[in-house]
Amino acid sequence: MEFSNNFLRLKKKLESQVGRAIGDYAMIEDGDTVMVCLSGGKDSYTLLSVLLALRERAPIKFRIIAMNLDQKQPGFPADVLPTYLAQLGVEHRIVEADTYSVVKEKIPEGKTTCSLCSRLRRGIIYRTAKELGANKIALGHHRDDIVHTLFLNLFFGGKLKAMPPKLVTDDGAHVVIRPLAYCDEADIARFARGMGYPIIPCNLCGSQENLQRQKIREMMAEWDRKYPGRTESVMTALQNVVPSHLADNALFDFKGLRLGMDPADADGGDLAFDAPELPPVMPAMDAAAWARAGGAEDGSDTPLGNFPLPVVAR
């Protein structure tokens, strides 16, 4: 396929962001077996493509296995993903499990099925990872998903909690990673259109998207329209947490604060009346700005460097 310079720049941008996320959180190490969960949507297709591209030039060796769960939803095109993966030459496993019937039996008509479906799917994913000997499970959640989850938990759950870029499963058997954690959904959508992926819709079960999540999505879209860069700013805030300026006694010893303490022990000291540090909003890079930052016009280079994975010998 012939790609435009703009598309090549977009490809390099996504690869750089994924490489940076992998390096920042040590998501992939030498000798890992990474099971990439492929749903047939734009996010998981992009995740697989970027990881395959980065593996070619990574300073470490790791195995990639694509996995798809055929949940027997009516109208699911069961041949699409096996054909695509075979043509790509990617090692893969297609798992068939009729979770659709279970969900329809348990959830009343008209109610959202996503929660139960997700729990059933998660159990099958973990079991398959164990069968394949995969110690890492890669999911296609991106920056927007992480930020939306933060506000969902904040507004509806009373928790300051989002999706972590990396976590250990409850049984301690696997590490779940989200290499797209720094990637913008709009960029992923543009990339998927350019790649011409055989997209499989996610609403084959007839379930509507969670109404609360949809409201959050609309809220963030409106904020980003009025004040570009808000989603990116919230994501940055998740990486710059100051426990002493929240209110969780489990995170910071408020009861132990005493007169005469070293400000360093008080996690920043008396900043209660300081003016907030608000950096200027940074506009998205155009081609010229990208080039000035170190990215070549033809997409052959990137200001973020090549796949900064740590080399961890086993």
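Below, all heavy atoms of this structure are taken into account, side chains as well, without hydrogens, waters or symmetry copies.
- Sorted by first and then second residue, the salt bridge (Lys or Arg N to Asp or Glu O under 4.0 Å) pairs with a member in residues 234-258 form an empty list; sequence neighbours excluded.
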| message | side-chain hydrogen bond (donor to acceptor under 3.5 Å, both in side chains) for Thr169 and Asp171? Distances and angles first, verdict last. | response | CA-CA 5 Å; Thr169 56; Asp171 62 2; 2.7 Å; yes

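- Put simply, the side chain of Leu85 reaches to within 4.5 Å of the side chain of Leu48, judged on heavy atoms.
- With respect to Glu29 and Lys61, no salt bridge is recorded, no charged nitrogen being found less than 4.0 Å from a carboxylate O.
- Rounded to the nearest 0.5 Å, atoms OG1 (Thr231) and CZ (Arg143) are 6.0 Å apart.
- For the pair Asp32/Arg63, no side-chain contact is recorded, criterion being any heavy-atom separation below 4.5 Å from C-beta on.
- In this structure, Asp98 and Gln71 have side chains that are not in contact, with every pair of non-hydrogen atoms separated by 4.5 Å or more.
- At least one side-chain heavy atom of Arg178 sits less than 4.5 Å from a side-chain heavy atom of Pro164.
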Mind running side chain to side chain contact (heavy atoms under 4.5 Å, CB included) on Met163 and Asp145 for me, showing each step along the way?
CA-CA 8 Å; Met163 283 180 177; Asp145 290 325; 4.2 Å; yes

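- Linking Ile, Leu, Val, Met, Phe, Trp and Tyr whenever their side-chain heavy atoms come within less than 4.5 Å leaves Ile65 and Leu51 in two separate clusters.
- With His148 contributing its side chain and Ile146 its backbone, the two residues share no donor-acceptor pair below 3.5 Å.
- The 12-atom threshold is exceeded at CG of Asn249, counting heavy atoms of other residues, nucleotides or ligands nearer than 6.0 Å.
- A salt bridge links Glu96 to Lys72: one of the charged nitrogens lies within less than 4.0 Å of a carboxylate oxygen.
- The shortest heavy-atom contact between Asn240 and Thr236 is ND2-O, 2.7 Å.
- Electrostatic pairing of Arg230 and Asp224 does not count as a salt bridge here, judged by no charged N lying under 4.0 Å from a carboxylate O.
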